[in-house]
Amino acid sequence: MRQKKDAPLRSDAQRNRERILEVALEELTRSADAPLSVIAKKAGVGQGTFYRHFPTREALVLEIYRHEMQQVADTAAPLLESREPDRALREWMDRLARFAMAKAGLADAIRQATSAPGKPAKPGHAPVTEAAELLLRAAEEAGTIRPGITASDLFLAIGGLWTMDPRTDWQPRATRLLDLIMDALRVGAPGR
C-alpha cells in the first residue's frame, strides 16, 4: 500500500529523511558533485530508501535549500516568545547568517539543479521574508528599532553575508556586520 503524498511520514522514515538532508548538506557543500551513493551510505540508509525520499539529485538539492530556509523562518516566532523583540531579531539574524553560509556552500549544486532548461525553479524566499517582517514589526512596535524598515531593506543591508566564503572563519566577521546593522536599526528608534 502506497503512502499518500501529503500523509505524514512514520517516525523512522522522518528520521531517515532528516539524516539524509543533514549529510547531504554537509557533502554537497563540500562538493556539488558528491555522489548520491556516498550521501546515502553516510546517512546510514539504503539506495531504495534514499531514492524513495529524493528521486533525483535536483529534488535533494532543492529540498535542502527549502528545508534550511524553513528552519530559519520557523525560529522567528519562538524567539519572539522568549526574548525582547530587538534581541530576537538579532539572534534570528545569526541563524540567517548560518543559512547564508550553507546556501553559499551549496551555490554550485543549486545552480546545477536549477539552471538547465526544464529544470525546477529555485524555491522562493517567502518564509524567510515573512519571518523577517514578523521580527521587524515586533521590534518596531516595541520602539527598539527605527520605524519603516522592511524585510527588503534588511536583506539589502545584510547582503554582505552572501559574499563571505563559507570555507573561512566567517563567524566573527558576520557577528561584527550584524552588530553594526542592529546598531543602525536602533538609531532613531522612539524607545531609545
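- L36 has its side chain out of reach of F54: every pair of non-hydrogen atoms, C-beta onward, lies at least 4.5 Å apart.
- The closest side-chain heavy-atom distance from L60 to L28 is below 4.5 Å.
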- Message: Assess the residue pair I181 and M93 against the criterion (side chain to side chain contact (heavy atoms under 4.5 Å, CB included)); give the C-alpha distance rounded to whole Å, side-chain angles, the decisive distance to 0.1 Å, and a yes or no.
- Response: CA-CA 10 Å; I181 291 166; M93 288 164 58; 3.9 Å; yes
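- Residue M69 holds its CE atom at 8.0 Å from CZ of R66, rounded to the nearest 0.5 Å.
- When side chains are defined from C-beta on, S37 counts as touching Q47, because their heavy atoms get closer than 4.5 Å.
- Of the residues listed (V38, I39, V45), the one engaging V23 in a side chain to side chain contact (heavy atoms under 4.5 Å, CB included) is I39, and it is the only one.
- In this structure, the side-chain contact (heavy atoms from CB on, under 4.5 Å) partners of F155, at least two apart in sequence or on a different chain, are W92, L96, V128, T129, A132, A151, I158.
- Salt bridge status for E63 with R17: present, with a side-chain N to carboxylate O gap under 4.0 Å.
- Of all the heavy atoms in G188 and P147, the pair that sits closest is O-CD, 4.0 Å.
- Contact check for Q112 versus D33: side-chain heavy atoms found under the 4.5 Å cut-off.
- Between E91 and R95 a salt bridge is recorded (basic side-chain N to carboxylate O distance below 4.0 Å).
- Residues L177 and M164 come closest through the heavy atom pair CD2-CE, 4.0 Å.
- For residues 170-182, the set of pairs meeting the side-chain hydrogen bond (donor to acceptor under 3.5 Å, both in side chains) definition, not counting sequence neighbours, comprises R90-D179.
- The distance from atom CG of L80 to atom CZ of R137, rounded to the nearest 0.5 Å, is 12.0 Å.
- Taking both residues in full, the closest heavy atoms of A32 and A109 are given as CB-N, 3.5 Å, listed atom of the first, atom of the second, then distance.
- Proximity of R186 to D86: side-chain heavy atoms (C-beta onward) are separated by under 4.5 Å at one or more points.
- Separating the NE2 atom in H53 from the CD atom in Q14 is a distance of 8.0 Å, to the nearest 0.5 Å.
- Separating the CG atom in L21 from the CD atom in Q71 is a distance of 9.0 Å, to the nearest 0.5 Å.
- The two residues A73 and P127 have their closest heavy-atom pair at CB-O, 3.3 Å.
- For R146 (side chain) and V187 (main-chain N/O), a donor-acceptor pair under 3.5 Å exists by modelled atom type.
- Taking every heavy atom of both residues into account, T29 and A102 meet most closely at OG1-O, 4.3 Å.
- Taking NE2 of H125 as the start and OH of Y65 as the end, the distance is 3.0 Å to the nearest 0.5 Å.
- Between the side chain of T144 and the backbone N or O of E140, no donor-acceptor pair lies under 3.5 Å.
- Note that the CG atom of L135 and the CG atom of L154 stand 9.0 Å from one another [nearest 0.5 Å].
- Proximity of a side-chain donor or acceptor of T163 to a complementary backbone N or O of G160 within less than 3.5 Å is detected.
- Between E18 and R15 there is no salt bridge, since no side-chain nitrogen of the basic residue lies less than 4.0 Å from a carboxylate oxygen of the acidic one.
- Side chains of D153 and T150: a donor on one and an acceptor on the other come within 3.5 Å.
- Formation of a donor-acceptor pair under 3.5 Å by the D183 side chain with backbone atoms of L180 is not found in this model.
- Between E26 and R30 a salt bridge is recorded (basic side-chain N to carboxylate O distance below 4.0 Å).
- Note on L62: it does not cluster hydrophobically with L25, by side-chain heavy-atom contacts below 4.5 Å among ILVMFWY residues.
- The closest side-chain heavy-atom distance from I64 to I110 is not below 4.5 Å.
- Under the 4.0 Å criterion applied to side-chain N and carboxylate O atoms, E68 and K103 are not assigned as salt-bridge partners.
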